[in-house]
Amino acid sequence: MKTIVTTAIRCTPETIGTAKQIAAELGLSFVERGKTSVSRIQEEHDSGVVAVTKERLEYYTKGSAKPFFFHPSSSAFRTRRPLLEDPLISVSDLEPGDVFIDCTLGMGSDAIVASARTGPSGKVIGCEADPVIAFIVGRGLKTYSELEHLKAPMERIEVIREDAAGFLQQLPDRWADVVYMDPMFDEPIKGAVNFDVFRDAAAGHQLDDRWVSEAIRVARKSVVLKAHFRSADFEKYGFERRVRPNTKFHYGVIRK
Ligand SMILES: C[S@@+](CC[C@H](N)C(=O)[O-])C[C@H]1O[C@@H](n2cnc3c(N)ncnc32)[C@H](O)[C@@H]1O
């Protein structure tokens, strides 16, 4: 998707400088905002818009009036509960000191929960194929300052701006303890917070043989898949399905 970088209408020399820097880093054009509305910029440039405001980075995909921005999402409450009761932690058997690869970083909530579990002696890598999402979430993870208990787990996450299968291919056998995949659902989940805005921007890649076989090769302990309860991928790729009654998504695991 074509994207340009601009500022908020109320801009400062700092936000202009940051916007230019981000545009250069992502290889995108910087456009002066002036008094122009986001929708007008979207139309004129036939593109999505990243707007640098004093507080945050906002990503308006083409045609969307609502922005995507970094926030801790479900990790805020999941990290307040006993981590062993979190379905991702229990299904993956993730332990302190482990290396966890999140192939589909998205908003980063699962990676933050995993990082709270692996702790300072462990490692969490989050792979994100969409460069703008990767940039916004990567920066959010490093600069977040609201909930104290999330700061260290967020800071420890390393973001890789790359397609997951290509990244896994570069790693030696059994390099990580757990490899996790949460690709976009084919079927949208009604009522999922922020999902509509996110869906437009996110890479829609589905699982394939190469991605799953690389994940199995790189994982030492388990490969975990999260998918819609109607997804046939669990059976197709040999994941043991963990049915969670009354939830729209299930986890599946391949134990090594
Ligand atoms: C459903 S979201 C993941 C949500 C995430 N688990 C969270 O807690 O916020 C899927 C994300 O993975 C990204 N994605 C999809 N296929 C990918 C791939 N092959 N490699 C890397 N990222 C991918 C999408 O761009 C999207 O941001």
Side-chain angles (χ1 to χ4, degrees), residues 1 3 26 48 57 59 61 64 67-79 83 86-89 91-92 94 100-117 124-141 144 150 153-154 157-171 176 178-215 218 223-229 231 233 237 247-252:
M1 180 184 307
T3 305
L26 291 176
L57 300 181
Y59 183 19
T61 51
S64 170
F68 165 75
F69 53 88
F70 176 76
H71 60 94
S73 192
S74 65
S75 69
F77 59 84
R78 288 167 67 194
T79 49
L83 286 174
D86 187 273
L88 170 59
I89 304 302
V91 79
S92 60
L94 192 66
F100 179 91
I101 299 179
D102 182 349
C103 290
T104 48
L105 179 70
M107 298 195 224
S109 327
D110 289 325
I112 296 165
V113 175
S115 177
R117 174 70 176 152
V124 172
I125 295 180
C127 226
E128 172 53 56
D130 181 89
V132 180
I133 294 178
F135 187 87
I136 291 177
V137 173
R139 196 179 168 105
L141 290 168
Y144 179 83
L150 292 179
M154 282 183 180
I157 298 170
E158 184 185 342
V159 177
I160 306 280
R161 237 184 274 163
E162 215 179 301
D163 171 75
F167 173 66
L168 291 172
Q169 216 166 14
Q170 301 162 38
L171 300 175
V178 174
V179 179
Y180 172 59
M181 295 115 132
D182 173 17
M184 297 303 283
F185 299 129
D186 287 333
E187 273 185 65
I189 305 282
K190 285 203 184 77
V193 181
N194 225 350
F195 202 80
D196 290 347
V197 188
F198 187 62
R199 173 170 279 280
D200 290 343
H205 309 182
Q206 297 303 311
L207 282 197
D208 58 25
D209 289 332
R210 173 177 163 243
W211 187 356
V212 178
S213 61
E214 283 299 322
V218 170
V223 179
V224 175
L225 170 67
K226 179 177 163 192
H228 193 275
F229 74 95
S231 171
D233 281 348
Y237 295 106
T247 58
K248 292 272 169 47
F249 58 86
H250 289 168
Y251 288 92

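One-based numbering, in listed order, for ligands and for the atoms of each. Only heavy atoms go into these numbers, but all of them, side chains included; no hydrogens, no water, no symmetry mates. Remember, it's a predicted structure, so these values are computed and weren't measured experimentally.
Distances between N or O atoms of Trp211 and those of ligand 1 include no value under 3.5 Å. Residue Ile133 has no nitrogen or oxygen atom sitting less than 3.5 Å from a nitrogen or oxygen atom of ligand 1, judged on distance alone. Taking any N or O of Asp130, backbone or side chain, none lies under 3.5 Å from an N or O belonging to ligand 1.
Taking both residues in full, the closest heavy atoms of Leu26 and Pro131 are given as CD2-O, 4.0 Å, listed atom of the first, atom of the second, then distance.
Residue contact check for ligand 1: Gln206 places no non-hydrogen atom closer than 4.0 Å to it. Assignment of Ile112 to the shell around ligand 1 is not supported, since no heavy atom sits closer than 4.0 Å.
When each atom of ligand 1 is checked for a heavy atom of Asp182 under 4.0 Å away, the hits are 1 (C), 2 (S), 3 (C), 4 (C), 5 (C), 6 (N), 10 (C). Ligand 1 places these atoms under 4.0 Å from at least one heavy atom of Glu162: 21 (C). Near Asp163, meaning under 4.0 Å from any of its heavy atoms, are these atoms of ligand 1: 18 (C), 19 (N), 20 (N). Close contacts of ligand 1 with Cys103, meaning ligand atoms under 4.0 Å from a residue heavy atom, involve 20 (N), 21 (C), 22 (N). Within ligand 1, counting atoms from 1 as listed, the ones closer than 4.0 Å to a heavy atom of Gly108 are 7 (C), 9 (O). The distance from ligand 1 to the heavy atoms of Ala129 drops below 4.0 Å at these ligand atoms: 20 (N), 21 (C), 22 (N), 23 (C). Of all atoms in ligand 1, numbered sequentially from 1 with element shown, those under 4.0 Å from a heavy atom of Met184 are 1 (C), 2 (S), 10 (C), 26 (C).
The side-chain heavy atoms of Arg78 and Asp110, taken from C-beta on, include a pair separated by under 4.5 Å. Contact annotation: the side chain of Tyr237 never approaches that of Met181 to less than 4.5 Å [non-hydrogen atoms, C-beta and beyond]. Side-chain contact between Tyr251 and Lys226 is present, with heavy atoms from C-beta onward closer than 4.5 Å. Using a 4.5 Å heavy-atom threshold, the side chains of Leu150 and Ser75 count as touching. The closest side-chain heavy-atom distance from Glu158 to Ile160 is below 4.5 Å. Using a 4.5 Å cut-off on side-chain heavy atoms (C-beta onward), Asp86 and Arg117 make no contact.
Checking Pro131, Ser109, Ala164 against atom 20 (N) of ligand 1, the nearest heavy atom belongs to Ala164.
The aromatic rings of Phe68 and Tyr59 sit perpendicular to each other, their planes meeting at more than 60°, with 30° as the lower class boundary. In this structure, Phe69 and His71 have tilted ring planes: the angle between them lies in the 30° to 60° band.
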